[in-house]
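Taking it in order: structure first as structure tokens, then the write-up.
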Amino acid sequence: MSDFRIETKCVQGGYTPGNGEPRQIPIIQSTTFKYETSEDMGKLFDLEASGYFYSRLQNPTCDTVAAKIAALEGGTAAMLLSSGQAASFFSIFNLASCGDHVVSSSSIYGGTYNLFAVTMKRMGIEFTFVSPDCTEDELNAAFRPNTKAVFGETIANPALTVLDIEKFAKAAHAHGVPLIIDNTFATPVNCRPFEWGADIVTHSTTKYMDGHGAAVGGCIVDSGKFDWFAHADKFPGLTTPDDSYHGVTYAERFGLEGAFITKATAQLMRDFGAVQSPQSAFYLNLGLESLHVRMARHCENGLAVAQYLESNAKIAWVNYPSLPSSKYYELAQKYLPNGSCGVVSFGVKGGRTAAETFMKHLRVAAIETHVADARTCCLHPASATHRQMNDEELLAAGVPSDLVRFSCGIESKEDLIADIEQALSHV
Ligand SMILES: *Cc1c(COP(=O)(O)O)cnc(C)c1O
């Protein structure tokens with residue numbers, strides 16, 4: 001499958017049925033798996049043999065879909081998780097523990113920011129947030145001797161900043177740590193961060209990968225390229241024996257290609273249990289089969305809507321990375337030459353009240369907290385997710401009170417634009 005193009009991998013990756021086997025991936029709806037002898041099972045618990053024993057750690061349906069996502073990203077191993085939040089948490093906690101430090105872009109999903117700045121801080125892991133637009137010197141200055149990883153988003157939700165992945169990878173590697181990229185908004189169809197030096201990729205599969213608003217999920221993919229032994233003192237969890245598995249050393253036993261995901265499965269999934277159900281993995285796979293077709297349409301609609309908004313006198317400003325007027329246009333051309341995503345943000349002249357009036361009159365676009373769905377949806381953060389903040393606080397958070405986040409679905413772009421036009425006529 002690895003020599004095929006991404007479109008073919010979307011449809012057929014991860015699963016090759018044998019003679020007479022189901023064409024669609026089987027849903028293995030079973031918590032547990034049967035063995036003939038206790039010795040057989042013991043080998044699984046010692047990580048000496050691979051196989052399934054309990055779906056809290058691994059399930060064949062989930063592994064099939066994870067293998068497809070690994071193929072799409074060009075990675076060596078992957079795992080599914082219950083949500084994007086779980087994926088972000090595991091990706092860091094698999095490397096850093098109490099007393100450690102992580103450098104993160106400040107332009108990241110709000111839920112991830114809270115996880116890092118509040119919850120993981122309570123666990124003793126400190127984060128330094130740097131602007132995605134910082135200079136190399138500013139970025140290098142953020143590192144400490146106990147830094148264990150660097151984190152950023154290809155296209156940030158909701159700020160739509162585009163990360164200079166090569167710049168962040170260079171700094172991470174100069175300090176002997178991996179770069180973790182949340183690739184949710186771009187998807188591997190539009191950007192494969194491993195090709196630009198990233199080491200680990202995470203996803204909220206809830207968004208474009210599922211694409212139908214059907215199942216919450218997450219994924220972590222390893223490139224297999226980061227040399228844990230070259231920085232053995234920083235990553236004892238991968239390079240020294242794990243007492244909870246009779247002294248297995250992950251990077252030794254599973255190689256660079258398998259160590260990260262095996263450790264995250266064997267330790268973190270065992271202890272935290274943030275699994276994806278096989279049923280959800282099946283829905284996710286249905287979404288992945290059309291990801292390449294949908295992404296092209298999301299981007300076509302996003303660009304058309306952004307261009308229309310830019311030409312409309314009732315609109316104060318438009319933010320869309322693939323617009324030539326965007327501050328991120330050059331980076332988008334480099335990392336996202338085939339298109340960025342379907343999400344456009346903009347301000348309606350007249351501020352908060354005008355934004356609310358506009359949204360109330362939309363008929364195709366629905367008001368939802370969700371994004372990256374086949375159906376167009378939109379949100380006014382100032383009156384929803386960020387409603388506890390006053391106008392000054394909103395500005396400081398990069399979410400002005402007139403901001404509308406508009407997630408273009410895969411409907412007709414003419415209908416989307418006509419809908420926006422009629423809703424604006426009420427403003
Ligand atoms: C939604 C989102 C998350 C969190 O994912 P959930 O599946 O909602 O837990 C993380 N990162 C990005 C970029 C997101 O858009």
Side-chain angles (χ1 to χ4, degrees), residues 62 65-66 69 73 78-93 102 104-120 127 129 132 151-163 165 168 180-191 193 198 200-221 268 272-277 280-281 283-284 287-288 291 295 298 302 321 328 335-336 340-345 368-373 377-379 381 384-386 398-399 405-409:
C62 296
V65 181
I69 298 174
E73 288 287 2
M79 68 196 288
L80 296 190
L81 300 97
S82 56
S83 65
Q85 285 298 102
S88 303
F89 173 61
F90 275 36
S91 73
I92 301 282
F93 202 63
V102 174
S104 173
S105 163
S106 58
S107 192
I108 52 175
Y109 174 65
T112 312
Y113 181 81
N114 197 71
L115 169 69
F116 291 174
V118 180
T119 302
M120 292 190 80
F127 287 76
F129 295 95
F151 187 96
E153 284 179 29
T154 313
I155 307 171
N157 173 15
L160 303 177
T161 53
V162 177
L163 194 78
I165 301 174
F168 275 69
I180 305 170
I181 293 289
D182 179 338
N183 198 32
T184 298
F185 264 29
T187 83
V189 170
N190 284 343
C191 177
I200 289 148
V201 158
T202 63
H203 281 281
S204 165
T205 61
T206 318
K207 311 295 163 54
Y208 288 119
M209 283 191 165
D210 168 308
H212 299 76
V216 173
C219 183
I220 305 178
V221 190
L268 303 186
F272 293 103
V275 292
Q276 185 161 138
S277 76
S280 289
Y283 296 138
L284 169 57
L288 290 168
L291 182 65
M295 283 316 289
H298 281 294
Y328 295 99
Y335 292 107
L336 304 149
S340 47
C341 64
V343 183
V344 182
S345 64
E368 295 168 21
T369 54
H370 196 41
V371 276
D373 188 356
C377 51
C378 62
L379 181 75
T385 48
H386 293 62
V399 185
R405 183 181 72 185
F406 199 89
S407 171
C408 297

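Just so it is clear, the model here is predicted, and its values are computed rather than measured. Numbers here simply count residues along the sequence, with the first being 1. Just so you know, ligand 1 is whichever comes first in the structure, and atom 1 is the first atom listed for that ligand.
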Q) Which heavy atom of the protein is the closest neighbour of atom 6 (P) of ligand 1, given with residue, atom name and distance? A) Gly84 N, 3.4 Å
Q. Which residue supplies the protein heavy atom nearest to atom 1 (C) of ligand 1, what is that atom called, and how far is it?
A. Lys207 NZ, 1.4 Å
(Q) So for Gly217, does at least one of its heavy atoms come nearer than 4.0 angstrom to any atom of ligand 1? (A) yes
Q.
Looking at non-hydrogen atoms alone, which of Phe185, Tyr109, Tyr208 comes nearest to atom 4 (C) of ligand 1?
A. Tyr109
Q: Going by heavy-atom distance to atom 11 (N) of ligand 1, choose the closest among Asp210, Asn157, Thr206, Asp182.
A: Asp182
Q.
Less than 6.0 angstrom separating the ring centers of Phe116 and Phe151, yes or no?
A. yes
**Q.** Minimum heavy-atom distance Glu73-Pro193, with the two atoms named
**A.** OE1-CD, 3.5 Å
Q: Mark up the atoms of ligand 1 that fall under 4.0 Å of a heavy atom belonging to Glu153, in ascending order.
A: 13 (C)
Q | Per-atom contacts, ligand 1 versus Gln85 - under 4.0 Å to a heavy atom | A | 4 (C), 5 (O), 6 (P), 9 (O)
Q) Between Asn190, Ile155, Leu160, which is the residue that forms a side chain to side chain contact (heavy atoms under 4.5 Å, CB included) with Ser340? A) Ile155
Q. Looking at side-chain heavy atoms only, is the closest gap between Val65 and Gln276 below 4.5 Å?
A. no
Q: Answer yes or no: is there a side-chain heavy-atom contact under 4.5 Å between Cys378 and Ser407?
A: no
Q) Within the structure, does Val216 bring an N/O atom to less than 3.5 angstrom of an N/O atom in ligand 1? A) no
Q. Distance only, no hydrogens: is a donor on one side chain within 3.5 Å (strictly under) of an acceptor on the other, for Ser105 and Ser107?
A. no
